[in-house]
Amino acid sequence: MPELPEVEVVRLGLSPAVTDAVISGVEVFDSRALTRHDGDASDFEVRLGGRRIVGAARRGKFLWMPLSPGGAAGAGDPAGEALVAHLGMSGQLLLRAPGAEDGRHLRVRVGLEHPEHGEMRVDFVDQRTFGSLAIDALVPTADGAPAGWGSGEALVPSQVAHIARDPLDAAFDDRRLVNVLARKNSAIKRVLLDQTVISGVGNIYADEALWAARIHPETAASALPTRSVNRLLAEVRAVLNKALVEGGTSFDAQYVNVNGEAGYFAHSLNAYGRGGAPCPRCGGPIKRDSFMNRSSHFCPRCQRR
DNA sequence: GGAATAACCTGGATGC
DNA sequence: TGCATCCAGGTTATTC
């Protein structure tokens with residue numbers, strides 16, 4: 001499932017291919033891929049046509065490509081617009097040659113003309129249709145710092161503005177997290193999944209970081225002493241960085257990079273998806289519980305309440 | 001206002 | 001073989 005490392009791998013692959021490319025054509029095959037777009041499919045197609053992509057940026061699980069002036073916002077708009085992408089559970093952004101086969105679940109096709117790489121296309125493929133694309137206005141960041149990875153500008157799409165910075169962001173405020181957790185009575189896993197508190201962490205990496213920090217997922221956030229929060233934050237960063245190096249986590253065909261290649265981090269998982277298997281640390285069985293309408297994996301022996 | 005829950009969605013896996 | 005059911009989970013609207 002696309003969490004921070006998977007989205008960052010996609011951004012890294014996309015950035016050199018789309019930066020300075022001009023959008024030569026857009027085809028929307030399924031308007032459900034535009035649930036975050038404030039307009040219909042034809043509006044999306046018309047407003048993107050002829051625009052130049054300035055770069056590729058990311059905050060948490062949101063990816064966006066700032067666009068050159070010329071859209072509905074007009075050249076007079078100081079901030080401009082961006083093409084925003086969220087991969088949901090199964091979304092993929094695939095770089096393909098112009099004549100390549102469409103494949104299944106193709107929702108949107110964006111044709112590009114790049115000054116160096118020539119003609120290509122970006123296909124938005126999404127089996128479960130939880131992902132989406134949108135054209136959105138850029139607004140100043142609340143803290144005045146660059147919006148996220150790959151962005152030198154303090155401008156963020158309006159629909160991403162409420163998303164917290166991710167823990168790999170240079171502008172992430174550790175002390176703010178400690179203060180927020182001290183006021184939260186919810187289970188720590190629930191808080192880790194709250195993208196307005198800390199972004200980029202999903203079910204897989206929440207389970208992995210909690211296992212590494214030896215914290216039970218249902219521990220009240222406010223019950224964690226500062227040193228435990230700092231240890232957890234360090235483990236979140238460690239697991240995200242390791243997954244990033246290994247190209248992300250691929251369980252099935254639901255996550256691949258822009259070239260359609262799978263990541264290797266699934267081989268490094270200690271807790272997630274290992275219900276009944278021995279804990280790599282103590283040998284006891286990993287437990288799988290239902291939590292928040294999804295699965296939660298932890299070691300009852302290492303991670304006591 | 002904070003916290004918890006349901007709904008959205010598709011296709012593979014499983015059980016009968 | 002065919003059908004029904006379960007399961008995966010990020011985000012957001014709704015409810016308490």
Side-chain angles (χ1 to χ4, degrees), chain A residues 1-8 10 29-38 58-64 84-93 103-108 124-134 136 156-164 166 179-210 217-224 236 240 243 248-256 262-263 265-266 269 271-276 286-298:
Chain A
M1 308 301 165
E3 300 181 30
L4 185 156
E6 291 78 26
V7 180
E8 179 59 18
V10 170
F29 300 103
D30 190 332
S31 57
R32 289 177 300 178
L34 302 179
T35 51
R36 286 184 176 82
H37 179 65
D38 186 21
R58 178 194 59 74
R59 177 185 288 193
K61 303 168 193 173
F62 280 87
L63 181 70
W64 69 91
V84 183
H86 193 287
L87 303 181
M89 285 179 63
S90 56
Q92 302 171 350
L93 286 167
R104 297 177 71 187
H105 312 306
L106 175 61
R107 310 297 183 192
V108 178
F124 180 65
V125 175
D126 190 12
Q127 182 199 94
R128 295 175 191 170
T129 67
F130 277 26
S132 65
L133 301 179
D136 192 22
V156 63
S158 68
Q159 56 187 261
V160 186
H162 69 290
I163 299 294
D166 63 64
N179 291 334
V180 169
L181 293 195
R183 296 194 304 270
K184 289 273 187 185
N185 294 318
S186 300
I188 183 62
K189 179 166 177 182
R190 182 184 292 274
V191 180
L192 279 181
L193 296 177
D194 184 344
Q195 304 298 300
T196 65
V197 174
I198 178 172
S199 69
V201 180
N203 204 37
I204 297 173
Y205 299 118
D207 279 357
E208 288 301 302
L210 287 167
E218 293 188 46
T219 306
S222 58
L224 290 172
V236 168
L240 292 178
T249 304
S250 301
F251 285 110
D252 48 27
Q254 299 314 319
Y255 162 68
V256 292
F265 192 71
L269 294 173
Y272 182 85
R274 301 190 67 247
I286 295 288
K287 189 176 182 193
R288 177 186 172 279
D289 264 357
S290 183
F291 181 69
M292 290 175 63
N293 281 337
R294 59 206 62 198
S295 60
S296 191
H297 305 80
F298 63 98

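The CZ atom of R190(A) sits 15 Å away from the P atom of dT11(C) (whole-angstrom rounding).
Distances shown here put every side-chain N or O of R294(A) at or beyond 4.0 Å from the OP1 or OP2 atom of dC7(C). Residue K184(A) places at least one side-chain N or O closer than 4.0 Å to OP1 or OP2 of dA3(B).
Counting non-hydrogen atoms under 4.0 angstrom, D126(A) reaches nothing in the nucleic acid. If you check every strand for non-hydrogen atoms under 4.0 Å, S295(A) touches sugar and phosphate atoms only.
With a 6.0 Å radius and a threshold of 12 heavy atoms from other residues, nucleotides or ligands, D289(A) has its CG atom above the threshold.
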Output one line per pair: protein atom, nucleotide atom from nucleotides 9-13 of chain B, and distance, for all N/O pairs under 3.5 Å.
| residue | atom | partner | partner atom | Å |
| --- | --- | --- | --- | --- |
| dC9(B) | O3' | R32(A) | NH1 | 3.1 |
| dC9(B) | O3' | T129(A) | OG1 | 3.4 |
| dT10(B) | OP1 | R32(A) | NH1 | 2.3 |
| dT10(B) | OP1 | R32(A) | NH2 | 3.1 |
| dT10(B) | O4' | Q127(A) | O | 3.4 |
| dG11(B) | OP1 | H105(A) | ND1 | 3.4 |
| dG11(B) | OP1 | H105(A) | NE2 | 3.4 |

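For D30(A), the salt bridge (Lys or Arg N to Asp or Glu O under 4.0 Å) test picks out R32(A), R107(A), with sequence neighbours left out.
A 4.5 Å side-chain heavy-atom check between W64(A) and D136(A) finds every atom pair outside the cut-off. The shortest side-chain heavy-atom distance between R58(A) and L4(A) falls under the 4.5 Å cut-off.
Side-chain atoms of Q195(A) lie closest to dT11(C) of the nucleotides dA4(B), dA8(C), dT11(C).
Electrostatic pairing of K189(A) and D207(A) counts as a salt bridge here, judged by a charged N lying under 4.0 Å from a carboxylate O.
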